[in-house]
Structures are given as structure tokens and as C-alpha cells.
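In what follows, a single structure is set out as C-alpha cells and then discussed.
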Amino acid sequence: MTVVTRFAPSPTGFLHIGGARTALFNYLYARKHGGRFMLRIEDTDRTRSTEEAKRAIFNGLRWLGLEWDGEPVYQSTRADRHVDIAQALLSKGKAYRCYCSPEELAVMRQAARKRGSGRLYDGKWRDRDPSEAPRGVAPVIRFKAPLKGQTVVEDIVQGAVTVQNDQLDDMVLLRADGSPTYMLSVVVDDHDMAITHVVRGDDHLTNAIRQKQLYLAMGWELPAFAHIPLILGPDGAKMSKRHGALGIDAYRDRGFPPEAVCNYLARLGWSHGDDEIFSIEQASGWFEIGDIGKSPSRFDLVKLTSLSAHYLKEMDDTRLIEKVMPLIADRLGRALTGKQRDRLAAGLPGLKGRAKTLLELSEIALLYCRERPLEPDDNAIKLLDSEAKAKLALAREALAAVERWSENAAEAALRTAANDAGEKLGKIAQPLRVALTGGTVSPGIFEVLGVFGKTESISRIDDVLQ
RNA sequence: GACCCCAUCGUCUAGUCAGGUCAGGACGCCACCCUUUCAAGGUGAAAACACGGGUUCGAAUCCCGUUGGGGUCACCA
């Protein structure tokens with residue numbers, strides 16, 4: 001049997017971090033077993049569904065590298081089929097028409113709460129003769145759920161979950177306007193799409209109980225269920241906006257590489273022994289649903305950031321430059337000149353170990369893209385006293401004498417000069433740093449010298465000495 | 001409130017199913033080393049079996065309870 005999994009978001013907002021992880025787990029499991037990973041857009045709530053949200057889902061999944069198989073299925077296009085199934089249930093005697101008004105329902109609900117019962121609907125129309133139906137009232141169709149016994153879902157993550165059937169009431173399958181409800185649509189679609197493993201958030205666990213009853217009523221084969229614990233905010237409370245529960249695109253915009261996000265998400269709630277850093281390919285070789293933890297985990301931006309730093313360091317220089325250049329151009333407000341690109345190409349490899357995100361990298365890379373004359377920052381100006389300038393003059397002399405310029409040649413010249421003058425290298429390096437970069441913090445000074453080249457370096461020193 | 005589920009360092013977790021390890025790793029934190037600044041890197045330290053009862057020669061591991069946390073209770077999905 002081919003494994004078929006699916007990710008079934010409703011396009012009502014952004015693709016959030018929990019949804020992304022659900023998609024990832026589905027993807028991983030399908031890949032592990034050489035199966036198919038499907039995407040279904042649950043857009044039956046037309047008023048809340050938006051094109052924008054749909055795009056966010058597509059773009060988010062692609063950015064993460066979670067390409068789905070085949071065309072996305074739009075649930076809204078399948079309403080006729082869902083209605084057919086409701087009719088089939090009706091003729092099998094497994095569903096019935098209910099004519100209750102919203103007011104009646106509200107009273108029942110109140111009564112149920114008072115009794116502490118989960119049965120919000122009391123089954124008023126369950127066994128009534130259709131001839132008693134009031135005129136002019138459009139009925140809903142309700143599922144005739146079993147009254148006695150219990151329903152057990154064997155969940156791969158949660159184990160056996162048992163609910164007494166008297167806790168469950170008869171859910172609505174078709175609304176008064178004839179449109180199918182989610183509960184019906186999911187079951188029909190999962191069945192029609194031949195989904196073998198339903199892997200989704202824990203918030204659907206109790207739905208699975210009701211859905212199982214529907215499968216049984218239709219005589220359909222049950223998929224395997226796996227309900228993964230939700231992701232909580234850093235304080236252990238439900239993830240909310242104030243936690244920075246952002247769309248996946250926000251993490252992209254903050255400069256996290258997708259492989260870092262995937263790695264982090266995979267490791268959140270799932271583990272393969274002590275492995276911490278791994279690719280999506282490795283994970284798909286290891287992934288077992290049973291290895292997913294049972295308790296909810298907290299979202300930790302710091303750990304994601306450290307993973308991000310790791311992947312930045314590992315990233316291929318060519319790819320890195322492509323990603324960083326637009327960010328720098330943004331900051332500069334214009335495209336980079338040829339010279340700036342060259343400097344970037346030379347300087348980026350030395351820079352990438354110093355930043356945790358692409359955004360941060362583009363910030364520090366700015367140092368290679370500013371043109372002289374520089375405007376030193378406050379700390380830099382403070383440092384440039386007459387003594388510092390004297391050291392700088394010393395450095396200028398030594399550097400001007402270098403014939404074949406290179407990082408190493410510049411280093412040798414400066415070390416010799418410092419030694420001859422009986423100075424500590426730091427006394428010379430710091431003023432030099434200010435002259436070259438306009439700031440007091442930068443990569444190694446020889447590296448900077450190497451990137452700028454002889455002419456530019458000397459000119460920058462002269463700018464300060466004048 | 002009712003129902004369902006969960007519980008190992010601050011956080012993510014290994015170990016739990018098949019009881020026996022100084023309870024392991026990672027992030028973070030702290031210290032030290034390296035050092036021309038800041039990072040990075042290296043080395044090291046501190047840090048947990050929620051609590052209470054059982055069962056057992058022996059319990060993080062099995063059972064019960066307590067406490068705490070999460071989820072669900074729509075003609076939303």
C-alpha cells in the first residue's frame with residue numbers, strides 16, 4: 001500500500017509555524033515511505049478564505065522546500081460529492097433531518113452545560129416522523145451517531161483514545177442552506193484522496209472520534225491517525241500574536257534560511273536520538289511518526305537563531321551573495337556598484353561566521369559598501385586622538401611600502417612596523433580600523449585591508465590624517 | 001464546568017514500550033583559553049526525572065492518586 005499523506009490548511013490567514021511543522025511531518029513521512037504528499041485547501045468557508053492566504057501557503061511550503069505531489073485539491077469544488085454522501089447516509093438511515101431553530105438549540109446547549117453533559121443536541125428529531133416537520137423550515141442533516149458504547153481511535157502518537165459515545169451528540173453534516181460542514185468534507189475528501197495517514201494538530205483529536213464514526217457508517221476503511229501536540233509560546237501558554245506567532249514568511253523576512261527553519265521545526269517535538277543538525281533528506285530517512293513526542297513543546301526563537309547561524313556559516317558563498325545583495329541594496333537604497341560587489345565577494349566568506357541571520361549579515365556587510373569619505377561614528381571619533389593619528393601615520397608608511405598587496409603582505413608589514421616601533425599591534429590596529437571602516441568593530445583588520453586593496457586603504461587612512 | 005490527552009535540566013530532548021547507566025546530547029547561561037576590536041572557535045562548569053502512595057531485591061521507566069499544563073465542547077475549519 002502506498003503511503004499518502006496530506007496537509008489541509010484553511011486559507012484564512014498566514015501559514016503559521018505550527019502548520020508548517022504539520023506539513024513538514026506529513027512530507028517527511030511520505031518521503032520516508034516513497035509515498036505521496038498531497039495538499040488540500042479547505043476553503044469551504046468562502047467568507048473567510050482569501051487568495052492572499054492561499055498564496056502564503058503555497059509560497060511558504062515552497063520556500064521550506066516542501067513541494068507537494070500533484071495539483072492542490074480545493075475542497076470548495078467538491079461540495080456536490082459531499083452532499084451525495086450526506087444523502088447516502090440519509091437513505092441508509094444513518095442520518096436524519098433536524099428542524100430545530102437556533103433558539104431551540106441554544107436552550108438545549110444551556111441545559112446540557114447545566115448537566116455537565118457533552119451532548120449539546122438532545123436528539124429531538126432523531127427518531128421523529130418526517131410528517132411532523134414544520135412547514136417552511138429548511139432542515140439540517142444530522143449524523144445518527146451511536147448512543148451507547150464507546151469509540152476508540154488508535155492514534156500513532158497519542159495511543160488509544162477512548163470516548164464514551166454518550167458524550168457525543170449528532171453532528172450536523174449538511175447545513176440548512178445545503179452546504180456540507182467541515183466534519184463531513186474532511187472524511188469524504190480523505191477517503192476519496194486515498195489518504196492513508198492523517199497527520200495533523202492535536203486540536204483535531206476529538207474530531208477524529210466523530211470522524212471515525214462517519215467512516216464506520218459509510219463502511220470505509222479507516223486511515224491511520226496521528227495527532228501531533230501543538231506548539232506553545234515561550235511561556236508555555238497558547239501561541240498567540242503577542243508571542244510573535246508569525247507567518248512563515250516573517251521568518252524568511254527576518255533572514256532565517258529555510259534549512260534552519262526546517263531543521264528547527266523537525267527537532268521540535270520529534271527526535272532521532274541525539275541528532276541535532278540534519279538536512280530534510282536525512283530527516284526523511286529517519287522519520288517515524290511514533291518518534292513524535294506526546295507533550296506540547298515551546299517555541300524557542302533563540303535555538304532557531306543558533307541553527308540559523310550554523311546554516312549561514314555552511315552556506316555556499318555564491319548562494320549567500322545572491323541572498324544578501326538585495327538586502328544590502330535595500331539598506332543602501334540603490335543597487336550595488338561593480339566595485340562593491342567585488343568587495344562583497346571577497347569579504348563575505350569572512351563575514352558569514354559573524355552573523356546569525358541574513359538580515360544581520362547584510363547589516364555588517366554594509367561596511368564593504370560604504371564609500372569614502374567615511375563619517376566615523378561617535379566611538380570612532382573619540383578614539384582618534386593625536387596619539388592614535390601618530391600610530392596611523394606609522395601604519396600608512398608601512399602599508400605604502402608594500403609592493404605586492406595581499407592580506408598576508410599587509411599583516412607582515414604592520415607586524416614588523418609595530419615591532420620596530422615597540423608598539424603593541426592593538427595600538428595600531430584600532431585607529432586603522434576606524435580609518436578603514438568608520439567604526440570600532442569589524443572583522444580582522446588584515447582581512448579588511450585585503451578586501452579594500454592598497455589604493456583604497458591608503459586613501460581612507462589619508463582621509464583621517466588630513 | 002464536562003470530556004480527552006500530557007508531565008526528564010531555563011528550553012528542545014535521549015532514556016520509558018521489553019525496570020538495574022555517575023540520567024546522555026543540544027540551545028542558552030557562567031568560567032577559562034585564543035585574540036588587533038567584536039563575533040566565531042576551543043575547553044570546562046552549574047543545571048532535571050512535578051508531588052504522594054504503591055508493586056519490586058531494585059522505579060525516570062509499571063499501577064493509583066494529587067497538582068500543573070494543553071486540547072475539544074458551532075448550521076467555523
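Just so you know, these numbers use all the heavy atoms, side chains as well, and skip hydrogens, waters and symmetry mates. This structure is a prediction, so every number in the text was calculated from the model and none was measured.
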Please write out the pairs of protein N or O atoms and N or O atoms of nucleotides 42-47 of chain B separated by less than 3.5 Å, giving the distance to one decimal.
none

**Prompt:** Checking all strands, does S179(A) fall into the base, sugar-phosphate, or nothing category for heavy-atom contacts under 4.0 angstrom?
**Reply:** nothing
**Request:** Report which part of the nucleic acid T162(A) touches: base, sugar-phosphate, or nothing (heavy-atom distance under 4.0 Å, all strands).
**Result:** sugar-phosphate
**Whether Y264(A) and F299(A) hold their rings parallel, tilted or perpendicular, with breakpoints at 30° and 60°** = perpendicular
**Message:** Roughly how many Å apart are rC12(B) and rA74(B), using the C1' atom of each and rounding to a whole number?
**Reply:** 36 Å
**Message:** Tell me whether R40(A) is salt-bridged to D190(A), with the criterion being a basic N under 4.0 Å from an acidic carboxylate O.
**Reply:** yes
**Request:** Would you please confirm or rule out a distance under 4.0 Å between OP1 or OP2 of rG41(B) and any side-chain N or O of K313(A)?
**Result:** yes
**Message:** Need one value for S10(A): base, sugar-phosphate or nothing, where a base atom within 4.0 Å counts as base even if backbone is also close, heavy atoms only.
**Reply:** sugar-phosphate
**Message:** Mind checking if H227(A) touches a base, just sugar-phosphate, or nothing, with heavy atoms under 4.0 Å?
**Reply:** nothing
**Asked** Is there a donor-acceptor pair closer than 3.5 Å between any side-chain N or O of K391(A) and the backbone N or O of P431(A)?
**Response** no
**Request:** Would you kindly give the CZ-to-P distance between R210(A) and rC4(B), to the nearest whole Å?
**Result:** 14 Å
**Item:** Distance, C1' atom - from rC32(B) to rG68(B), rounded to whole angstrom
**Value:** 40 Å
**Prompt:** Rounded to whole angstrom units, what separation is found between the CD1 atom of I228(A) and the P atom of rC4(B)?
**Reply:** 23 Å
**Request:** Give a yes/no answer on whether the side chain of S442(A) brings an N or O atom under 4.0 Å of OP1 or OP2 in rU37(B).
**Result:** no
**Prompt:** What does K424(A) touch in the nucleic acid at a heavy-atom separation under 4.0 angstrom: a base, only the sugar-phosphate, or nothing?
**Reply:** nothing
**Message:** Taking rU21(B) as the reference, what is the distance to rU8(B) when you measure between their C1' atoms (whole Å, please)?
**Reply:** 15 Å
**Message:** Using only atom types and a distance under 3.5 Å, with no angle test, would you say the side chain of D155(A) pairs donor to acceptor with the backbone of A160(A)?
**Reply:** no
**Pairwise C1' distance, rG24(B) and rU16(B) [rounded to whole Å]** = 15 Å
**Item:** Any donor-acceptor pair under 3.5 Å from E104(A) side chain to S101(A) backbone
**Value:** yes
**Request:** Could you tell me whether the side chain of R48(A) and the main chain of P11(A) form a donor-acceptor pair under 3.5 Å?
**Result:** no
**Asked** Ignoring hydrogens and geometry, is there a side-chain-to-backbone donor-acceptor pair from S308(A) to L304(A) under 3.5 Å?
**Response** no
**Message:** Would you measure the distance from the C1' atom in rU43(B) across to the matching atom in rC6(B) and give it in whole Å?
**Reply:** 39 Å
**Asked** Does F287(A) have its ring centroid less than 6.0 Å away from the ring centroid of W270(A)?
**Response** yes
**Request:** Give the rounded distance in Å between these two atoms: CG of N207(A) and C1' of rC3(B).
**Result:** 14 Å
**Request:** Identify which nucleotide among rC75(B), rG71(B), rU36(B) has an atom closest to any side-chain atom of T206(A), counting heavy atoms from C-beta outward.
**Result:** rG71(B)
**Pair R78(A) + E42(A), salt bridge at N-O below 4.0 Å** = no
For nucleotides 12-14 of chain B, give me every protein contact, N/O to N/O, under 3.5 Å, one pair per line with atom names.
| residue | atom | partner | partner atom | Å |
| --- | --- | --- | --- | --- |
| rC12(B) | OP1 | R298(A) | N | 3.0 |
| rC12(B) | O2' | R267(A) | O | 3.0 |
| rC12(B) | O2 | K303(A) | NZ | 3.4 |
| rU13(B) | OP1 | G269(A) | N | 2.5 |
| rU13(B) | OP1 | S297(A) | OG | 3.4 |
| rU13(B) | O3' | S271(A) | OG | 3.2 |
| rU13(B) | O2' | R267(A) | NH2 | 3.1 |
| rA14(B) | OP1 | S271(A) | OG | 3.0 |

**Item:** P atoms of rA7(B) and rC63(B), separation to the nearest Å
**Value:** 11 Å
**Prompt:** How is V161(A) classified with respect to the nucleic acid when contacts are heavy atoms under 4.0 Å: base, sugar-phosphate, or nothing?
**Reply:** sugar-phosphate
**Prompt:** Taking CD1 from I364(A) and C1' from rA40(B), how many angstroms apart are they, rounded to a whole number?
**Reply:** 11 Å
Where do N or O atoms of nucleotides 28-31 of chain B meet protein N or O atoms at under 3.5 Å, pair by pair?
none

**Message:** Would the distance check show the side chain of T5(A) and the main-chain N or O of H197(A) forming a donor-acceptor pair, the cut-off being under 3.5 Å?
**Reply:** no
**Prompt:** Say you pick atom C1' in rC5(B) and the same atom in rC22(B); how far apart are they, in whole Å?
**Reply:** 35 Å
**Request:** Establish, yes or no, whether a centroid distance under 6.0 Å links the rings of F452(A) and W405(A).
**Result:** no
**Asked** Taking the same atom, P, in rG52(B) and in rU61(B), what whole-Å distance lies between them?
**Response** 13 Å
